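Everything below concerns the one structure shown next.
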Amino acid sequence: MTQTKAATTGWQRLGRRILYTSFQTHLLISALLRIALICYGQIHDSQSAVPYTDIDYKVVTDGARQVLAGDTPFARHTYRYSPIMAYLQTLNILLHPAWGKLLYATFDLLIATLIYRLVHMEIKSQYQKTVQHLLSKFNRPRDSDQSLDALDERSHPENLARASACFWLYNPLTAVISTRGSGDCFSSFFVILTIYLLLKSEHNIARSYWLIFGAGLAHGLVIHLRLYPLLFSLAYYLSLSTRLTQTPLDFLCQILRPNKQQLCLISGTLISLVAFTWTFYTMYGWEYIYEAYLYHFVRKDPRHNFSLQFLLQYLGSASSVAEPSAILKTLVLAPQFLLILYLSLSFGQFRQTLPFCIFAVAFVIVTYNSVVTSQYFIWYLAILPLCLNNFKMLSWRRCFGLLFLWLLVQALWLLPAYLLEFHTWNTFYWIGLQGAVFFVTNGYILEQLLSHYGFTQFKISYRKLL
């Protein structure tokens, strides 16, 4: 019993030491870890038949090679990304093949920096509002900027911000995916930047319109890069409203009569999106529009992946079955869009709950997507650290239980996928079954997060406050 207590105390001390290490130190350690992973990947690829580098990284590098040759990046078969990605990786050809990985790892670290700054800003702001409300009850107004010493250390903005950033920095999945050459960290950075600018506009009234316009520019760019952030637009729009949407008529009025802040967001988004899209359309024509955008609406991927729709797509590609009817497609898409609408109306109307709203919407998008691979998890894992402080109603035991469950269903899927990929076993129906289990499990996890979501609470010493 004594040994168990001693071991627990030792782990607690280690945890406190890690937590109270400066954010800059964590950033440096994380940078060194990612450089080590990039170096390992170079060695692994030269020695192993199973590459460490993501296949998409190689496709984009080939697209960059076409650009340097004066051709279109779409001359490379299966290149279906924004030309920006090929331009970013031209130094793979001119300088070193690992340049792109280093670039994406840098954006990986920039995401952590944004997480740190955003969480610190929000926790401090919410604390100041709480203090002002508390003091006003006793008719003792005071500048709450000087009252952080009255706050319990576990709820201190600096500690919460550092812990949230470390959740991202030391996540092995995100570190591996970025150092394999996936560009999802690049697009995720602009998603979080959009949220950061929208929330900052509430604290900086003098520059609020410019900050919101900047958020629109970032949002337009990330829609250009990846289509999925388009579904965040309603939540962003509603978060800038000055009145609640409670009825269908209220919702219609919100759409038809935007306020000045909402107009700034719309203007920034359209200017950015149209500018990038028109520029590349003039350069590469209709081929760019089809490959970068339209293809994703008609895409069929019979290769094994986590999606609930995988088996249906595989069976359809292996037979002469007719195209799914419009009714069937509607039945598949309707639950996803209804969930997104519900989440946007429930959590998107308040800037304090906006990060959780975007996280939940991204979670739904990935869960219901027709193709789901591991790098898609970055879409919501990048936003999750912004919401960690709102899950205090979840016990540590339940948190670890949900994490274990999420990892377990992935492992159960990986077994038949491994047997198919490396031993050519016919495990397609097994993979389809595990995809259904993964879908149901994700639905349960989202339900748990929704039911245990709560506003930030503070433990304040009133004696220190006074």
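Nothing here was measured: the structure is a model prediction, and the numbers come from that model. Side chains included, hydrogens not; waters and symmetry mates left out as well; all remaining heavy atoms used.
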To the closest 0.5 Å, what do you measure between [atom1] ([X]) and [atom2] ([Y])?
X    : Y    : atom1 : atom2 : result
L230 : F232 : CG    : CZ    : 10.0 Å
I271 : L221 : CD1   : CG    : 14.0 Å
I212 : L217 : CD1   : CG    : 12.5 Å
Q24  : L27  : CD    : CG    : 7.5 Å
L339 : L446 : CG    : CG    : 7.5 Å
M121 : I123 : CE    : CD1   : 10.5 Å

Next item on the list: Evaluate side chain to side chain donor-acceptor pair (under 3.5 Å) for T78 paired with R80, printing each intermediate quantity in order.
Entry: CA-CA 6 Å; T78 73; R80 298 187 176 99; 5.1 Å; no
Heavy-atom closest contact ([X] atom, [Y] atom, distance):
X    : Y    : answer
Y57  : G100 : OH-N, 3.2 Å
E291 : Y79  : CB-O, 4.0 Å
S187 : V222 : O-CG2, 3.2 Å
V372 : N369 : CG2-O, 3.7 Å
C185 : I111 : O-CD1, 3.4 Å
P385 : V119 : O-CG2, 4.1 Å

Quick one: does any side-chain atom of [X] pair with a main-chain N or O of [Y] as donor and acceptor, under 3.5 Å?
X    : Y    : value
S346 : L343 : no
S201 : L198 : yes
W168 : D108 : yes
H44  : V50  : yes
T367 : V364 : no
S272 : G268 : no
R76  : V60  : no

Counting C-beta onward and ignoring hydrogens, is there a side-chain heavy-atom pair between [X] and [Y] closer than 4.5 Å?
X    : Y    : answer
L234 : I340 : no
L169 : L109 : yes
W430 : L415 : yes
Q254 : R243 : yes
F74  : P83  : yes
Y237 : I255 : yes
F167 : Y170 : no
K101 : T53  : yes

Next item on the list: With sequence neighbours left out, write down each residue that passes salt bridge (charged side-chain N to carboxylate O under 4.0 Å, His left out) with R180, or none if nothing qualifies.
Entry: none
Next item on the list: Using side chain to side chain contact (heavy atoms under 4.5 Å, CB included) as the criterion, point out the one residue from I358, V361, L450 that pairs with F347.
Entry: L450
Next item on the list: Let me know which of I115, L199, L114 forms a side chain to side chain contact (heavy atoms under 4.5 Å, CB included) with L386.
Entry: I115
Non-neighbouring partners of [X] that pass side chain to side chain donor-acceptor pair (under 3.5 Å), sequence neighbours left out:
X    : result
Y52  : T179
Q349 : none
Q434 : none

Check: Taking E122 as the fixed residue, which of R117, H203, Q352, R351 is the one that meets the side-chain hydrogen bond (donor to acceptor under 3.5 Å, both in side chains) rule?
Finding: H203
Just list the side-chain donor-acceptor pairs under 3.5 Å for residues 274-281, sequence neighbours left out, or say none.
unit_1 : atom_1 : unit_2 : atom_2 : d
T277   : OG1    : L273   : O      : 2.7
T279   : OG1    : A275   : O      : 2.6

Checklist line | With F189, the ring-ring contact (aromatic ring centres under 6.0 Å, His included) member among F107, Y104, Y196 | finding: F107
Notebook entry, point to check: Y368 and ring-ring contact (aromatic ring centres under 6.0 Å, His included): which partner among F439, F438, Y376?
Noted result: F439
Next item on the list: Walk me through it: do S164 and N389 pass the test side chain to side chain contact (heavy atoms under 4.5 Å, CB included)?
Entry: CA-CA 8 Å; S164 299; N389 194 55; 5.9 Å; no
Check: Does anything in residues 215-230 pair up under side chain to side chain donor-acceptor pair (under 3.5 Å), and if so which pairs, sequence neighbours excluded?
Finding: S82-H224, D184-R226, H219-S233, H224-Y288, H224-Y293
Check: Taking atom CZ of F337 as the centre, does the number of heavy atoms from other residues, nucleotides or ligands within less than 6.0 Å exceed 12?
Finding: yes
Notebook entry, point to check: Has R257 got more than 12 heavy atoms of other residues, nucleotides or ligands less than 6.0 Å from its CZ?
Noted result: no
Next item on the list: Please work out which of the three classes, parallel, tilted or perpendicular, describes the rings of Y380 and F359, given edges at 30° and 60°.
Entry: perpendicular
Note to self: Walk me through whether Y116 and E158 qualify under side chain to side chain contact (heavy atoms under 4.5 Å, CB included).
What the structure shows: CA-CA 8 Å; Y116 173 81; E158 178 67 26; 2.7 Å; yes
Notebook entry, point to check: Given F377 and Q410, is the side chain to side chain contact (heavy atoms under 4.5 Å, CB included) satisfied, shown in steps?
Noted result: CA-CA 12 Å; F377 301 154; Q410 291 181 60; 3.3 Å; yes
Notebook entry, point to check: Ring centres of F186 and F190 under 6.0 Å apart?
Noted result: yes
Next item on the list: Apply side chain to side chain contact (heavy atoms under 4.5 Å, CB included) to the pair L238 and L354, showing each step before the final yes or no.
Entry: CA-CA 10 Å; L238 293 176; L354 181 62; over 6 Å; no
Note to self: We want to know whether Q262 and Y236 form a side-chain donor-acceptor pair, criterion being a heavy-atom distance below 3.5 angstrom.
What the structure shows: no
